[in-house]
Structures are given as C-alpha cells and as structure tokens.
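What follows is a single structure, written as structure tokens, with notes after it.
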Number of protein chains: 2
Amino acid sequence: MSPRPDVSAERKAQILDAALRVFARKGFHKARMDDIAQEAGLSKGLLYWYFRSKDALIEALLTVLFEPDLRDLERLLADTARPIPERLRELARNALSTLLPYRDLMPIVYEFYALATRPGPVQKAIQAYYRRYRQLLAQLLRQGIQRGELRADLDPELTALGILAQFEGLALLWIIGPEELDIEHQWEAIAEHTLRTLLPPTAP
Amino acid sequence: MSPRPDVSAERKAQILDAALRVFARKGFHKARMDDIAQEAGLSKGLLYWYFRSKDALIEALLTVLFEPDLRDLERLLADTARPIPERLRELARNALSTLLPYRDLMPIVYEFYALATRPGPVQKAIQAYYRRYRQLLAQLLRQGIQRGELRADLDPELTALGILAQFEGLALLWIIGPEELDIEHQWEAIAEHTLRTLLPPTAP
DNA sequence: ACATATCCTGACCGTTTGGTCAGGTTTCCT
DNA sequence: AGGAAACCTGACCAAACGGTCAGGATATGT
C-alpha cells in the first residue's frame, strides 16, 4: 500500500515533544517555529506537513498536558476496594508529585489558562477538562458518603469544587513564587486539614 | 516655570485606561500600540512620550490592577472594632464583588500570571503582591486567634495561604467556565464552610 | 512679541516570523 | 526498473508591528 513506512506517529510525537520544551522555555509567543524545528532536528517545512499551523500545534499540546491527570483520577475512582480517605490522600499526593517534576512545563499551563480566558478551542478543551475533573471527584466523594466514610451532610459537587480550587490556587501561588512557600509541607498540611473537615464527626 | 500646564498625570491615566480596555479585549500580544492610541484618541507617538515601550505600558498596569485589593485588606485589618469573623465574611464578599464587575478585565490578570511564571519584573511584582496579601491576611487571623474569636490551634500563615489559594482557584475556574458554576452561590457556600472550620469549637 | 519647554502628530523604517513552495529523497509495490 | 506516494528541505515572501523622528502646535513667562 504505502510506498514508505508510516512514521507520522513518531514524527508527531517528536515534534510535540520539541514544541513542549521550546514553549516551556520561551512561551507561545516568543517561540518561533524555527526554534521548534531545530529542537526537533527537523526542518520548518516538515512541521507544516504534520500540523496546519502554529496554533494547531499549540492546541495539540493540550491533550498531552491535561489528559494524564484525568487518567489518574479515573484509576483512583475505579479502585473501589480501598477506603475513600486513603484514596483522597493519594489524589493529593499524586497532584503534588505531578507538580514537582513538571515544574519546567508549568508556564505552558498558565499560558493555556490565559488563552482559556477568551472563547475558542482552548477554552472549550479546558472547560471540558475541569467539568470532567469535578464530575469524577464528586463521584469519588459520593462514594465515600454512601459508604459512611465521609460526612453525610457533605455536598459532593460543592466540595469537589472547593478541593479543585484549592489545588489550582496552591499550584498557582507556588509556580509564581516557589521560594515563598514550602510546597511539599504546606500542600500536605492543607490537604490533611481539608480532609479532616470531610470525615464524619467522631466522639472525642 | 512650565511653558504649558502639566497634563502628564491625566494623559497617563487616559492611556492606561485605554490600554486596559484594549488589552482586555485582545490580549497583550494581539493588541497593537496603534489600537491603544486610537482607543485613547491620541497618536501612537504620544504613547511613547509617556511610556518607554509596550512592555513598560504593560508593567504600569500591574499597579492599577493589583493595588486596590491590598488597600481593601489593609482597611479591613485596621478596622479593629469589628469582630474578625464578620470582617472575614466581608473580605470574601469584597473579593466576589470585585470579581463580578471586573470580569471583562480578568483576562489581563491571567496574562500577568502567565508572565509571572518566568523571572522578570512582572514576577517580582506579583510575588510581592501575594507576599503582602498573605501577611495581611495572616495578621488578621492572628488578631482573631488572640481575641478568642478563632480557633486557638490555627496556624495563621498556613490558613491564610489556604484561603488565598481557594480564592484564586475559584476565580480561575469561574473565569474559564462561567457557565460551569454559580459563582455567587458557590463562592458564598465555600467561604462560609471555610469560615466554620476556623471558628472555635462550640458545645452543641 | 518672542522665546521656550512641553505636548502632539503621523508617515516612515527595519526587523521579525508564520507560512509556502518548488524541488528533492526514500521506500515500497508491480 | 520504474512509478508513485509519502516524507523532507530550506530559501523565500508578504504582512505586521514596535519604535523613531522631523516637524508642528500651544500655552506660558518675560
């Protein structure tokens, strides 16, 4: 059939990988297509063989950056054998340990947020991400309430929103001023404090 | 002395105001200096009479956007007559009612956050803003603890961080997907829930 | 009236950069 | 061997845009 072996999957990955590094280093605007081509060890023309435009390349990165988190949460939700508080703790730990090694990439995330501020494909994608994240987290909480492992008077949706907001807020504060807070310690402390407010009241 | 009346203050304000609107509409990158000049009803050359460069103009907006919040909090901290929980409630209400009418301007804030992701004057300024905000809020909490109006076992710095993070996170989620959440109701509910965790335990 | 500092204009320029394209090269199939 | 589809290159282009500047205009003090 094809007169040449299909390398498009590898090439796309190679380009996305290079783009990720270059965008992280210089930002969407200051990064030139030539930079990405050089970083990937390819010619600029080839970038346009695989991606319609710079914007298309940027949008393709959305999936790369945001999908993994959802996968993590889905896995956690399906792991019904373990108690909910334990799984919530792991969620917090996961979020933190995703943050730390990917610190260099975080600037890209915030450029996406800035884009998501206005209507467009990026906004749509990130809205969908948050919607799904809140759904999954609320479902996890609902599971905990039904099992009696969390307070019965909890509003799952509202609580999920609160937790997500706190994650996002802390990440933002840390990225902007890493030396202003001891992220590992304070993340853990805040998560633990929040978790305590979710547990059913116990007679002292 | 001066052969002409000094209009520099008004002109600067006029330019900053126009810049704010244009940047909010189009973003830092897509907004052209010509757009701003037109919006202000001035010539492009004049922009460069009052501001060294486009970047300088952008940086000047930092103060315009972030100072008012600090003023609010300072005022609240100085208002020592009123009980702390009441003042915290007002803080939450203020934050919300700043958000709503300024929704159109919020995109700028997130562009600043994206910039603050990398070292530079914007990062410095926003770091300073957050540092100050956390200090003031922690001080307010400390006041409440000393007065016995808040739990004695509270860590003021950590709690301040948690509250600020939740504010920021909620604002982010709302800006990106306004139709995904009922900000007024959920903000209020989350703030009230958080506040309850700060109050001293009362015998039921 | 005149000098002068400040304020203001808009045509112009140099550079930057996303995107294109004509022209390869490689591998497989017949 | 030869054709064809896929893959790849890098010089080139046109538009956009930040910034400049020569040349005014205007109000004030003398």
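Reminder, nothing fancy here: chain letters follow the sequence lines and each chain counts from 1.
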Atom-to-atom span, CG of B:Leu47 to P of D:dC17 - whole angstrom: 15 Å

State whether a side-chain donor-acceptor pair under 3.5 Å links B:Ser8 with B:Asp6. yes

Whole angstroms only, please: what is the CZ-C1' distance between B:Phe51 and C:dC8? 16 Å

Modelled atom types, side-chain donor and acceptor of A:Arg11 and A:Gln14, under 3.5 Å: yes

Rounded to whole Å, please give me the gap between CD1 in B:Ile36 and C1' in D:dG19. 13 Å

Tell me, do A:Trp187 and A:Asp182 make a side-chain contact under 4.5 Å, heavy atoms counted? no

Base, sugar-phosphate, or nothing for B:Tyr50, non-hydrogen atoms under 4.0 angstrom? sugar-phosphate

Could you label the plane-to-plane angle of the B:His29 and A:His29 rings as parallel, tilted or perpendicular, counting under 30° as parallel and over 60° as perpendicular? tilted

Looking just at side-chain N and O atoms, do A:Gln166 and A:Thr194 make a donor-acceptor pair shorter than 3.5 Å? yes

Protein proximity profile, nucleotides 11-25 of chain C - base contact B, sugar-phosphate-only contact S, no contact -, cut-off 4.0 Å on heavy atoms: ------SBBB----B

Please list every donor-acceptor pair under 3.5 Å in which a side-chain atom of residues 168-180 of chain B meets a protein atom from a residue at least two apart or in another chain.
unit_1: B:Glu168; atom_1: OE1; unit_2: B:Tyr113; atom_2: OH; d: 3.1
unit_1: B:Glu168; atom_1: OE1; unit_2: B:Tyr130; atom_2: OH; d: 3.4
unit_1: B:Glu168; atom_1: OE2; unit_2: B:Tyr113; atom_2: OH; d: 3.3
unit_1: B:Glu168; atom_1: OE2; unit_2: B:Tyr130; atom_2: OH; d: 3.1
unit_1: B:Glu179; atom_1: OE2; unit_2: A:Gln127; atom_2: NE2; d: 3.2
unit_1: B:Glu180; atom_1: OE1; unit_2: A:Arg131; atom_2: NH1; d: 3.2
unit_1: B:Glu180; atom_1: OE2; unit_2: A:Arg131; atom_2: NH1; d: 2.3

Rounded interatomic separation in angstrom, taking CG from B:Asp6 and C1' from C:dT4: 16 Å

If you compare every side-chain N and O of B:Trp49 against the phosphate oxygens of C:dC7 (OP1, OP2), does one of them come in below 4.0 Å? yes

How close or far is atom P of D:dC8 from atom CD of A:Glu10, stated in whole angstroms? 9 Å

